[in-house]
There are 4 protein chains.
Amino acid sequence: MKVFAAKGYHYATVEDIAAEAGAAKGSVHAYFESKLDVLLTLLLMFWKTINTMNAEKLAGEQDPLAALKAVFATFRELLLKSGDSLCWGRILQEGLPQLHTLKSRDLRNKQLAIARQQRRLVHTIDSIIRAGQQQGRICTTVRHDVLRQMLGGASQLLIYGLFMKSGTGIGYSAQDIQASFNQLIDAFAL
Amino acid sequence: MKVFAAKGYHYATVEDIAAEAGAAKGSVHAYFESKLDVLLTLLLMFWKTINTMNAEKLAGEQDPLAALKAVFATFRELLLKSGDSLCWGRILQEGLPQLHTLKSRDLRNKQLAIARQQRRLVHTIDSIIRAGQQQGRICTTVRHDVLRQMLGGASQLLIYGLFMKSGTGIGYSAQDIQASFNQLIDAFAL
Amino acid sequence: MKVFAAKGYHYATVEDIAAEAGAAKGSVHAYFESKLDVLLTLLLMFWKTINTMNAEKLAGEQDPLAALKAVFATFRELLLKSGDSLCWGRILQEGLPQLHTLKSRDLRNKQLAIARQQRRLVHTIDSIIRAGQQQGRICTTVRHDVLRQMLGGASQLLIYGLFMKSGTGIGYSAQDIQASFNQLIDAFAL
Amino acid sequence: MKVFAAKGYHYATVEDIAAEAGAAKGSVHAYFESKLDVLLTLLLMFWKTINTMNAEKLAGEQDPLAALKAVFATFRELLLKSGDSLCWGRILQEGLPQLHTLKSRDLRNKQLAIARQQRRLVHTIDSIIRAGQQQGRICTTVRHDVLRQMLGGASQLLIYGLFMKSGTGIGYSAQDIQASFNQLIDAFAL
DNA sequence: TATGAATGAGGATTCATTCAT
DNA sequence: AATGAATGAATCCTCATTCAT
């Protein structure tokens with residue numbers, strides 16, 4: 001994760017990964033089918049964790065606005081967990097090869113599993129928004145999918161901003177994000 | 001641009017690029033120092049265009065809310081220009097090598113120029129927001145840089161959504177974006 | 001061919017092949033899909049040549065015994081052509097990977113083409129033998145396929161013997177083979 | 001033996017060998033210096049067995065033709081022993097690395113021992129033929145080494161034929177070989 | 001003695017880049 | 001100016017071998 005985050009998938013070598021783990025090149029292939037498998041495994045882990053955490057948090061939560069805030073808080077927590085680097089953030093952005101280019105069946109399945117987890121998160125958010133709209137708690141002039149994308153994008157770039165190098169005009173902290181993002185959600189509340 | 005967008009920087013070969021341009025592999029290097037140079041040139045072109053278009057649109061525009069809407073409209077126009085594919089979108093996400101890894105001085109300069117253009121856009125947006133806040137037109141409970149990141153992120157993911165494959169829960173069109181995004185901006189107006 | 005013959009397929013590296021050809025490693029892959037493709041191409045070339053030469057020689061040949069002698073003479077000519085090394089001989093013995101292990105469709109087709117050419121030679125020999133048996137010129141107490149295998153094996157090992165290192169009890173020359181092999185064929189004539 | 005026969009030396013892994021033996025990878029190296037050592041050990045075993053069996057059979061055999069038949073019968077027995085696969089046959093064909101490439105003295109010695117056993121078989125056959133020629137039982141128009149190679153090659157390919165896949169024009173059985181091969185020997189009897 | 005996790009040398013392959021034509 | 005054949009650096013992956021347990 002560290003290596004991919006620091007160098008990007010393509011500039012990271014298997015040797016780099018092994019070295020970071022304090023192991024030898026060959027050992028990486030003892031645990032992963034290929035370099036791509038390492039990436040896919042990480043991605044799958046990320047999305048699964050997101051969904052698991054959300055499931056726990058949302059159990060029993062009735063208020064759609066609170067639920068929405070909780071979901072995006074999960075996202076922030078996970079992205080910020082590693083502390084000093086935007087590990088997940090950079091990994092999530094990596095362009096993956098087309099599904100049909102994947103040689104092994106196992107890898108194809110992994111990529112499908114990732115897509116499934118991503119869809120699950122999407123579905124979670126959309127359900128909350130639609131429920132909120134039906135309860136008259138969330139404004140209905142915005143499509144649920146549009147709102148979901150806006151919130152997701154805003155959330156992402158806010159976090160990325162935390163790790164941007166100086167000189168890019170970012171002066172806020174993790175705390176600022178929390179408050180402002182909740183204000184954003186409230187802007188769509190009724 | 002098409003090739004990078006379709007395959008991603010690393011999966012695109014110089015041969016692909018040349019073929020798309022109806023030229024031969026060697027010719028690419030007659031006009032570009034390297035493959036990376038092609039990408040950097042494209043990126044620089046993108047950001048320069050963004051800033052140029054903004055400069056034109058904003059000349060004489062007094063209303064900060066209208067100005068903000070115009071700036072993000074520019075972004076959308078450019079990203080959507082190619083019509084049937086998210087060319088710029090994918091290109092913009094490509095992980096670039098670290099500045100210090102770049103061998104040639106020319107490439108380093110180009111990357112710096114890109115950063116300059118990106119900062120210029122950031123400055124443009126921030127100026128509008130701060131002016132709006134001073135004029136009492138934009139709410140001051142949100143930092144200007146936080147608002148800028150939120151708007152930028154929302155804008156990006158909305159557009160990416162347009163190109164996502166079916167099954168990802170995207171049902172909106174380019175028109176939906178326009179209205180919803182302006183509503184988002186208005187949510188921060190006073 | 002020289003490299004495969006000298007080192008064997010697996011002990012020969014692509015670099016060796018390139019060096020022998022006075023070219024660079026990468027150039028091998030400009031003309032061949034893979035190292036295996038080099039081998040398959042050579043094998044296909046060999047079997048095609050065998051069949052072509054036979055077709056020419058046998059046109060108009062009525063005598064089955066003369067025809068048989070001609071076919072095996074072709075085999076000898078080709079194996080001995082390179083002069084100072086048993087190029088084809090060693091290449092022909094190389095164990096090939098199973099058809100289904102082959103990654104590319106092109107390689108699979110090449111291997112099938114080789115099998116086709118081999119079958120064609122087998123068919124050529126068998127036809128001659130059967131015709132000879134029907135004409136009462138070749139003894140019928142031996143199955144045509146048995147005789148074909150015996151003649152083929154004898155032919156092969158005779159030639160291999162020519163290239164065996166001293167100390168293996170080989171004292172004959174290429175001329176001795178010709179006479180003795182024809183005597184072998186005559187042993188089955190009526 | 002089974003593994004080498006099924007996959008070929010280079011496509012067989014030590015893990016395969018261990019698995020077939022119901023042991024673990026590491027155990028192979030407890031009994032053999034290296035993978036090549038396994039192969040050489042098998043080869044040496046084969047040739048030693050051949051010579052031992054021949055020594056027993058030939059003790060007291062006066063008739064050179066009967067002796068020749070016995071020697072090649074031994075060869076057939078051994079090659080066909082495994083029953084359903086051409087184990088020895090494929091192993092015998094494996095291209096070995098050049099003697100001087102062998103790292104360990106032990107391996108070099110083993111390879112020399114194999115060569116010694118091969119020479120011993122050659123000598124056995126040649127002695128029989130020469131004795132037969134001196135006794136006027138075997139025709140003298142063929143050199144003893146030429147006859148030995150012809151018989152050996154014929155014998156080999158006949159047996160290989162038994163294991164060839166269908167579609168290669170092989171229709172005979174192990175019994176057909178016996179009779180036909182003896183007829184071949186008789187063809188050189190006086 | 002048996003194991004199997006860890007190792008790293010070895011080699012095939014890719015593809016950006018060069019340069020003679 | 002355009003080409004594309006040739007190059008070789010870069011790197012993934014395999015698997016024989018080692019060795020601590």
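Being a predicted model, the structure only gives us computed values, none of them experimental.
The NZ atom of D:Lys7 sits 13 Å away from the C1' atom of F:dT14 (whole-angstrom rounding). What separates NE2 of C:His10 from P of F:dC15 is a distance of 11 Å, to the nearest Å. We find that CG of B:Asp37 is positioned 13 Å from C1' of E:dA16, with the value rounded to whole Å. Rounded to an integer number of Å, the gap from CG of B:Leu36 to P of E:dC15 is 17 Å. Atom NZ in C:Lys35 sits roughly 16 Å away from atom P in F:dT14 (whole-Å rounding). As rounded to whole Å, 20 Å separates atom P of E:dG11 from atom CZ of C:Phe32.
As the counterpart of F:dG8, E:dC15 is assigned, both hydrogen-bonding distances of the Watson-Crick or G-U wobble pattern falling under 3.5 Å. Across all strands shown, F:dT21 pairs with E:dA2; the Watson-Crick or G-U wobble distances both stay below 3.5 Å.
When each of E:dA2, F:dT17, F:dC13 is scored by its nearest atom to the side-chain atoms of D:Ser27, the top-ranked nucleotide is E:dA2. The side chain of A:His29 has F:dT14 as its nearest neighbour among F:dT14, E:dT7, E:dT3.
Within the 3.5 Å criterion, the main-chain N or O of B:Leu36 finds a donor-acceptor partner in the side chain of B:Tyr9. In this structure a side-chain-to-backbone donor-acceptor pair under 3.5 Å is present from A:Asp16 to A:Thr13. Between the D:Gln111 side chain and the D:Gln98 main chain, no donor and acceptor come within less than 3.5 Å of each other.
A heavy atom closer than 4.0 Å to some atom of DNA chain F occurs in C:Ala23, C:Ala24, these being the qualifying members of residues 12-24 of chain C.
Each of B:Val38, B:Leu39, B:Ile17 was evaluated against B:Phe32; a single residue qualifies, B:Val38, per the side-chain contact (heavy atoms from CB on, under 4.5 Å) test.
As judged by a 4.0 angstrom heavy-atom cut-off over every strand, C:Lys25 is placed among the base-contacting residues. Nucleic acid contact class of D:Tyr31 (heavy atoms, under 4.0 Å, all strands): sugar-phosphate only.
Ring pair C:His10/D:His10 is parallel by interplanar angle, where below 30° counts as parallel and above 60° as perpendicular.
Comparing A:Gly26 and B:Tyr11 against DNA chain E, the residue whose closest nucleotide sits nearer the 5' end is A:Gly26.
In this structure, the side chains of D:Arg90 and D:Phe4 stay at 4.5 Å or more apart for every pair of heavy atoms.
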Taking distance alone, no hydrogens or angles, what donor-acceptor pairs closer than 3.5 Å link side-chain atoms of residues 41-48 of chain D to residues at least two apart or in another chain?
from: D:Thr41; atom 1: OG1; to: D:Asp37; atom 2: O; distance (Å): 2.6
from: D:Thr41; atom 1: OG1; to: D:Asp37; atom 2: OD1; distance (Å): 3.3
from: D:Thr41; atom 1: OG1; to: D:Lys110; atom 2: NZ; distance (Å): 3.2

